[in-house]
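Residue numbers begin at 1 in each chain, while the letters A, B, ... track the order of the sequences.
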Protein chains: 2
Amino acid sequence: MAQAPSATDSGSAGTRVATVRTARYANMQELLFFAYRDFTAGPDAILSEYGFGRAHHRVLHFVHRWPGLTVADLLEILGITKQSLARVLKQLIDAGHIEQKTNVRDRRQRELYLTDEGENLAAALSAPQWRLIEQALHAAGTEHYDAIVAFLRRMIDEDGRLAMGALEDHRRRSEGD
Amino acid sequence: MAQAPSATDSGSAGTRVATVRTARYANMQELLFFAYRDFTAGPDAILSEYGFGRAHHRVLHFVHRWPGLTVADLLEILGITKQSLARVLKQLIDAGHIEQKTNVRDRRQRELYLTDEGENLAAALSAPQWRLIEQALHAAGTEHYDAIVAFLRRMIDEDGRLAMGALEDHRRRSEGD
DNA sequence: TATGATATGTCAGCATGACTGACTTGTTCG
DNA sequence: CGAACAAGTCAGTCATGCTGACATATCATA
């Protein structure tokens with residue numbers, strides 16, 4: 001396997017090293033573009049049967065993963081505006097996939113939960129993505145799982161990593177990991 | 001490092017294994033969502049200064065990587081309709097970032113090239129993405145480059161992998177690899 | 001050479017999912 | 001009591017995808 005150049009390489013082979021690095025980075029750009037496009041293609045096809053879009057998938061996904069989260073939490077995770085979220089959230093509630101419960105300690109807050117129907121839809125949407133991930137992990141070699149996770153995590157900015165950390169903590173508490 | 005379960009695992013530890021797999025896949029779903037979002041955030045900020053969007057970036061990227069490609073090639077790579085492409089392509093041509101040359105062997109075809117200005121913009125857009133990739137590869141360990149590429153490649157469907165293969169062949173020929 | 005196929009360009013209209021800005025309602029807390 | 005906060009809503013804009021229809025120039029071939 002080829003050795004990747006480090007950022008501090010220099011000397012007579014400097015130009016050649018820069019060329020290799022450039023080719024790798026440009027290749028990665030394309031891989032990420034195509035991979036993300038095909039990763040979302042499976043769920044998108046299911047969603048269109050319900051008249052939903054990718055935004056609905058994201059809401060279903062995060063409410064599934066973080067039961068009881070508030071609208072404000074969701075806005076922060078998704079990085080969209082309240083008005084953008086309101087539309088898709090209302091459609092999901094009207095369709096019976098999500099229900100809201102008033103927080104008993106602070107009655108201003110609405111906790112979001114998936115209904116049974118919502119859980120079923122969320123599972124159906126995840127299925128094609130999990131198949132892809134399973135295939136891809138197998139192709140990469142499952143022993144590289146941690147490296148792949150480290151790669152993707154470092155692509156996420158500081159705020160996003162913090163949000164994911166909070167999500168993991170919440171899941172551990174609520175699922176008794 | 002933990003071993004990933006295979007799809008054929010069974011027996012008394014089956015439930016535990018399925019739980020580990022489920023957690024990994026759900027984690028990957030989120031990582032891909034956040035990583036792609038932040039990966040596109042850098043270029044998006046630059047593009048908005050020009051009144052361009054992500055679609056313009058994709059066109060600039062592929063014309064840079066595949067100089068002389070035709071409109072039909074671009075449609076196939078991007079997987080969008082002629083009408084959708086026409087809008088952004090026209091804006092890029094009008095703004096002087098892309099120029100068209102009639103193919104001398106088949107005067108129906110228009111070959112697409114970046115102008116110097118287009119090359120500069122394409123390079124500026126790639127810079128933040130390359131920084132992220134460099135950081136991420138370093139965090140993952142550069143020795144895992146091939147595994148990460150294998151992972152991403154296998155996420156892409158058959159057609160997409162063929163398109164990328166054609167792109168690589170073309171680049172090798174035109175850059176004398 | 002006439003005809004059909006191909007590559008490109010264009011018009012008109014539609015849907016989704018982002019955005020900004022302004023405002024209301026209900027609730028909490030100092 | 002009043003400010004701050006969580007959520008909901010109205011009105012309008014923009015980017016980027018889509019369908020369908022049609023025009024033009026060029027090529028290939030019967």
Remember a base hit wins even if backbone is also touched, and classify [X] as base, sugar-phosphate or nothing at under 4.0 Å, heavy atoms.
{"X": "B:R87", "answer": "base"}
{"X": "B:Q91", "answer": "nothing"}
{"X": "B:E111", "answer": "nothing"}

Output one line per pair: protein atom, nucleotide atom from nucleotides 21-24 of chain D, and distance, for all N/O pairs under 3.5 Å.
from: D:dA21; atom 1: N6; to: B:Q83; atom 2: NE2; distance (Å): 3.4

Is the phosphate of [N] approached by [X] (side-chain N or O, under 4.0 Å from OP1 or OP2)?
{"X": "A:H56", "N": "C:dT16", "result": "no"}
{"X": "A:S84", "N": "C:dG17", "result": "no"}
{"X": "B:T81", "N": "D:dG17", "result": "no"}
{"X": "A:R108", "N": "D:dA7", "result": "no"}

| task | State, without any angle test, whether A:E134 and B:Y25 hold a side-chain donor-acceptor pair at a distance under 3.5 Å. | result | yes
Any chance CD of B:Q91 has more than 12 other-residue heavy atoms, nucleotides or ligands included, within less than 6.0 Å? yes
Comparing A:R107 with A:G53, nearest DNA chain C nucleotide closer to 5' gives the residue A:G53
- For the residue pair B:F34 and A:F62, does the interplanar ring angle fall in the parallel (under 30°), tilted (30 to 60°) or perpendicular (over 60°) class? tilted
request  = Report the C-alpha distance between B:Y50 and B:H56 in whole Å, list the side-chain angles of each, state the deciding distance to 0.1 Å, and finish with yes or no for ring pair (Phe, Tyr, Trp, His ring centres under 6.0 Å).
outcome  = CA-CA 10 Å; B:Y50 291 78; B:H56 301 82; over 10 Å; no
Closest to the 5' end of DNA chain D, once A:K90 and B:V88 are matched to their nearest nucleotides, is A:K90
B:R58 atom CZ is separated from D:dA15 atom P, nearest whole Å, by 15 Å
TODO: Give a yes or no on whether B:F39 and B:L78 share a hydrophobic cluster (residues Ile, Leu, Val, Met, Phe, Trp, Tyr; joining criterion: side-chain heavy atoms under 4.5 Å apart).
DONE: yes
Q.
Looking at B:R110 and C:dG9, is any side-chain donor or acceptor paired with a base atom of the opposite kind under 3.5 Å?
A. no
Is NZ or CZ of A:R58 both nearer than 6.0 Å to the six-membered ring centre of B:F33 and within 45° of the ring axis? no
